[in-house]
Structure formats: structure tokens, C-alpha cells
Amino acid sequence: MAIQKIKQSVYSIGAKHWDRRLFDELIPLPDGTSYNSYLVEGSDKTALIDTVDPETLDILFENLENHGVLKIDYIIVNHAEQDHSGGIPTVLSKYPESKVVTNEKCKSMLIDLLKIPDEKFMVIKDEETLSLGDKTLQFLLTPWVHWPETMVTYLQDDRILFSCDFLGSHYVSSELFVTDEAKVYNSAKRYYAEIMMPFRKMIIKHLDKLESINIDMIAPSHGQIYDNPEMILDAYKDWTSDNVKNEVVIPYISMHGSTKKMVEYLVSALIKRGIKVKPFNLTVTDIGELAIELVDAATIVIGSPTVLTGPHPAVASAAFLANMIKPKARFATVIGSYGWAGKLVERIAGMIGNLKVELLPPVMVKGFPKENDFRALDELADAILEKHKSLDI
Ligand code: FEO
């Protein structure tokens with residue numbers, strides 16, 4: 001696979017994984033992904049910034065060979081997760097003189113995960129620099145994007161920020177730089193929602209820290225390079241802000257049509273009130289699409305029939321996911337149906353304890369919804385409208 005030149009003596013040398021469709025055995029990848037590894041050739045030293053997923057190591061080595069790389073002085077490790085670090089042991093065996101440059105926390109994780117010997121490491125601290133001769137790297141610790149050891153590397157001379165997962169996207173293209181901003185925005189938002197959103201507050205601090213450096217390009221380890229860095233930095237500022245939007249997300253399941261009828265009615269009632277709404281039938285939902293919509297929504301309405309006194313398992317799974325990724329929604333409630341009895345509302349409420357939401361009155365219906373149930377859904381739509389108005393959205 002091709003080596004792509006970013007600037008003089010700076011290359012993208014990693015792997016594109018065009019047909020990967022699942023990450024962490026959980027996250028759908030509709031657009032594949034890439035594991036970007038970067039080569040920086042200074043006048044004295046050569047650095048490789050992050051490696052690739054072990055499954056694509058052949059591509060990295062083919063690129064290194066084709067580029068005639070005989071010596072790697074430093075392997076810079078921004079993140080210990082194996083899709084970037086998994087290639088390090090093999091790189092070390094082929095380039096035994098290399099030092100693994102990273103922070104103390106990442107070192108300890110690499111020893112645990114990959115059994116890299118202690119003597120191979122060069123440990124750096126926050127804001128420390130490393131000279132390659134005519135080029136200088138600076139390391140900025142940015143913990144919790146999305147593991148505790150994460151950092152970014154700044155090539156001072158060329159003003160390129162190598163951000164690893166942070167600001168990246170699962171998107172693969174033959175084009176090195178972002179060309180279709182709308183497409184990449186959506187992929188990056190999906191990536192933020194699935195991976196980064198639980199660490200929103202930390203990210204706000206990191207974005208502040210990045211304000212202090214001049215950045216011409218952001219080169220993440222997944223997806224294309226941003227040669228207009230403001231595009232992704234502004235998007236992150238918006239997603240991480242405390243502002244929610246006049247939007248309702250409705251993940252739901254319906255077994256015999258009662259909950260579906262309620263969802264359809266509520267969707268219409270919200271549209272009539274000028275509220276943007278998106279229902280997700282969980283039997284056919286790409287969870288990444290659901291996660292994207294959870295980034296901005298002010299309200300989450302969970303719809304479920306009662307199954308053995310609790311929610312349908314697919315609804316429980318979606319509630320568990322929402323609880324994990326911690327969207328900034330302000331309001332939540334439950335609608336659904338039951339046959340004879342149940343504790344569906346209490347069970348779902350107990351599953352979303354991480355969300356800082358005010359619980360609105362639920363609407364639970366015995367059997368198929370009737371006139372008074374539709375009135376209750378109208379009242380719920382009114383309550384949502386009033387709550388959103390109270391936020392000025
Ligand atoms: Fe792309 Fe957290 O690894």
C-alpha cells in the first residue's frame with residue numbers, strides 16, 4: 001500500500017483496512033478504518049509515530065522497506081491500545097536499536113499488554129521535547145482520550161499534531177487529506193460518540209491546552225489528515241459543550257405493535273411541536289447511528305414492551321450502551337406497554353444512573369394504546385416542549 005508524503009521528510013506509512021466492519025467486537029465500521037503510522041525523518045534521527053494493528057503489519061513493513069528505512073531511532077507511542085501499539089514488538093525485532101518513547105503510564109501498560117522489556121523504553125514527561133536534528137517533537141499528555149495513558153505528539157517545525165485516537169474517525173480513503181468535510185464530520189461525530197463522549201469534561205481541558213500551540217494540520221491515527229484543523233476542533237468544541245439541542249431520540253422495540261403505535265404517535269406529536277425527533281427501531285439499528293444522535297439530543301425517550309416484568313433485552317442493551325457513553329441529555333422517560341404487570345420503568349431508570357437527566361412522567365399502556373393513552377402521549381410531548389423551552393433551545 002502506498003506511502004503518502006505529508007510534508008518534506010514526513011510521511012504517512014501505515015495501513016488502510018478497507019473491509020473491516022467491526023471494532024472491539026462492538027462498534028460497526030460502515031466506512032472501514034485505517035491505522036495511521038507516521039514516519040518523521042530528522043537530519044539526525046528517525047521517528048516512527050505509532051504502529052498499526054497486528055493484522056496489517058505486513059503493510060507497514062512493506063512501506064518501510066519500499067521507503068528504504070534502515071534505522072528507526074524512536075518509536076513514539078501515543079496510546080497503548082493494540083490497534084496502534086500491537087505492532088511494536090515486531091518493529092523492535094526488525095529495528096532492535098529503536099527506543100520506545102512514551103509516558104510513564106503508557107510504559108506500564110505496554111509492559112502489561114505486550115511484554116515489552118523495561119530497557120527498551122525512554123520515558124518522557126508532559127511538554128518534554130525530543131530532537132531529531134532539524135526537527136523537534138513535543139509530547140503533550142492528554143489522558144482519557146480514551147484511555148488513561150493517552151498523549152499527543154506535536155511536530156513543532158511543521159506544526160503537525162499527531163493526535164492518535166483523539167479527533168480521529170473510522171474512515172478510510174485513498175486521499176490523504178480530508179476532501180469531503182461533511183462525510184468526515186459525520187464519521188468523526190460517530191467516533192466521538194462511541195469512543196470519546198464519556199470523557200467530555202477531560203476533552204474540554206485538552207482542547208484548551210491545544211489553543212496554546214499553532215496547528216497547521218492534525219494527523220490522527222484513524223481516518224484522514226485535517227489540513228483545515230479548525231473544522232474538527234470547532235466540531236469537538238460544539239459536541240463537548242454543555243449545550244443540548246431541541247432534539248428527542250427514541251430507541252425502541254415493539255413485539256406486537258403496541259409500543260410501535262405509541263412511538264409513531266409521539267413522533268408526530270413532537271414534530272407538530274417543532275421538535276426534531278429520531279426513532280430507532282433497535283431490531284435494525286446501527287448503534288453508531290444511535291450514538292451520533294445521542295451527542296446533541298436534549299431528551300431521550302426509551303420505548304419497550306414488558307418482557308418477563310422488565311424491558312426487552314435489546315432495549316436493556318441500548319440503555320446500557322447509553323449509560324456507558326454518557327450523553328449530555330437533560331431529560332429522559334420511558335414509554336411502552338405491558339400485558340398484566342411489571343417493573344419496566346423502574347428497571348430502565350436503574351440502568352441509566354450515569355445520565356444526569358430529569359426523569360419525565362412515563363407513559364405505560366396496558367395492551368394496545370387507547371384514546372386516553374394518546375392523550376397522555378400528547379401531554380408528554382407538551383412536557384418535553386416546555387422543558388426544552390426552559391433551556392432556551
Ligand atoms: Fe485506535 Fe484506542 O485505539
Side-chain angles (χ1 to χ4, degrees), residues 1 12-38 48-57 59-60 75-91 100-103 105-114 116 139-153 161-173 178 184 187-200 202-203 206 218-226 232 236 239-240 287-288 291-292 321 324-326:
M1 209 165 286
S12 178
I13 201 160
K16 300 181 196 301
H17 200 156
W18 299 93
D19 58 358
R20 187 164 181 181
R21 286 293 173 268
L22 198 62
F23 201 87
D24 288 344
E25 308 302 352
L26 173 68
I27 297 169
L29 302 180
D31 299 308
T33 193
S34 62
Y35 318 108
N36 303 338
S37 177
Y38 297 101
L48 183 70
I49 301 179
D50 294 318
T51 69
V52 295
D53 190 284
E55 202 178 324
T56 56
L57 258 179
I59 297 169
L60 175 65
I75 305 168
I76 314 296
V77 184
N78 285 318
H79 178 26
E81 192 167 6
Q82 293 90 329
D83 53 322
H84 310 290
S85 71
I88 297 171
T90 318
V91 175
V100 176
V101 180
T102 193
N103 61 76
K105 181 79 185 168
C106 190
K107 172 186 167 181
S108 127
M109 294 178 79
L110 290 172
I111 291 172
D112 289 342
L113 294 170
L114 300 169
I116 297 171
F139 309 104
L140 303 171
L141 302 197
T142 51
W144 296 110
V145 287
H146 58 127
W147 281 12
E149 86 301 358
T150 43
M151 66 180 205
V152 297
T153 298
L161 184 76
F162 298 97
S163 60
C164 201
D165 279 351
F166 186 32
L167 309 168
S169 65
H170 284 309
Y171 181 69
V172 64
S173 168
V178 171
V184 172
S187 288
K189 190 171 187 179
R190 172 187 277 261
Y191 190 83
Y192 166 79
E194 294 164 335
I195 310 278
M196 299 292 170
M197 192 155 65
F199 311 105
R200 191 169 68 87
M202 294 296 292
I203 292 172
H206 298 332
I218 294 174
S221 291
H222 296 293
Q224 293 173 296
I225 296 175
Y226 304 92
I232 192 66
Y236 260 69
W239 301 333
T240 56
I287 57 168
I292 288 173
L321 178 79
M324 274 199 326
I325 63 176
K326 296 188 195 167

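Counting convention: from 1, in listed order, for ligands and their atoms alike.
A ring pair (Phe, Tyr, Trp, His ring centres under 6.0 Å) with Y236 holds for exactly one of Y226, Y192, F199; it is Y192.
Between H17 and Y35, a ring centre-to-centre spacing shorter than 6.0 Å is recorded. Between Y191 and Y171, the distance separating the two ring centers is not shorter than 6.0 angstrom.
Rounding to 10°, one obtains 90° for the angle at atom 1 (Fe) of ligand 1 between NE2 (H84) and NE2 (H222). The OE1 atom of E81 and the NE2 atom of H79 subtend an angle of 100° at atom 2 (Fe) of ligand 1, given to the nearest 10 degrees.
Atom-to-atom distance recorded for S34:OG and H170:NE2 is 9.0 Å, nearest 0.5 angstrom.
The distance from atom 1 (Fe) of ligand 1 to the nearest N/O/S atom of D165 is under 2.8 Å. Here C164 fails the criterion, with no N, O or S atom under 2.8 Å of atom 2 (Fe) of ligand 1.
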Would E81 and M109 count as a side chain to side chain contact (heavy atoms under 4.5 Å, CB included) if you check the C-alpha gap in whole Å, the side-chain angles of each, and the deciding distance to 0.1 Å?
CA-CA 9 Å; E81 192 167 6; M109 294 178 79; over 6 Å; no

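Closest N/O/S atom of H146 to atom 2 (Fe) of ligand 1: NE2. Within D83, the N, O or S atom at minimum distance from atom 1 (Fe) of ligand 1 carries the name OD2.
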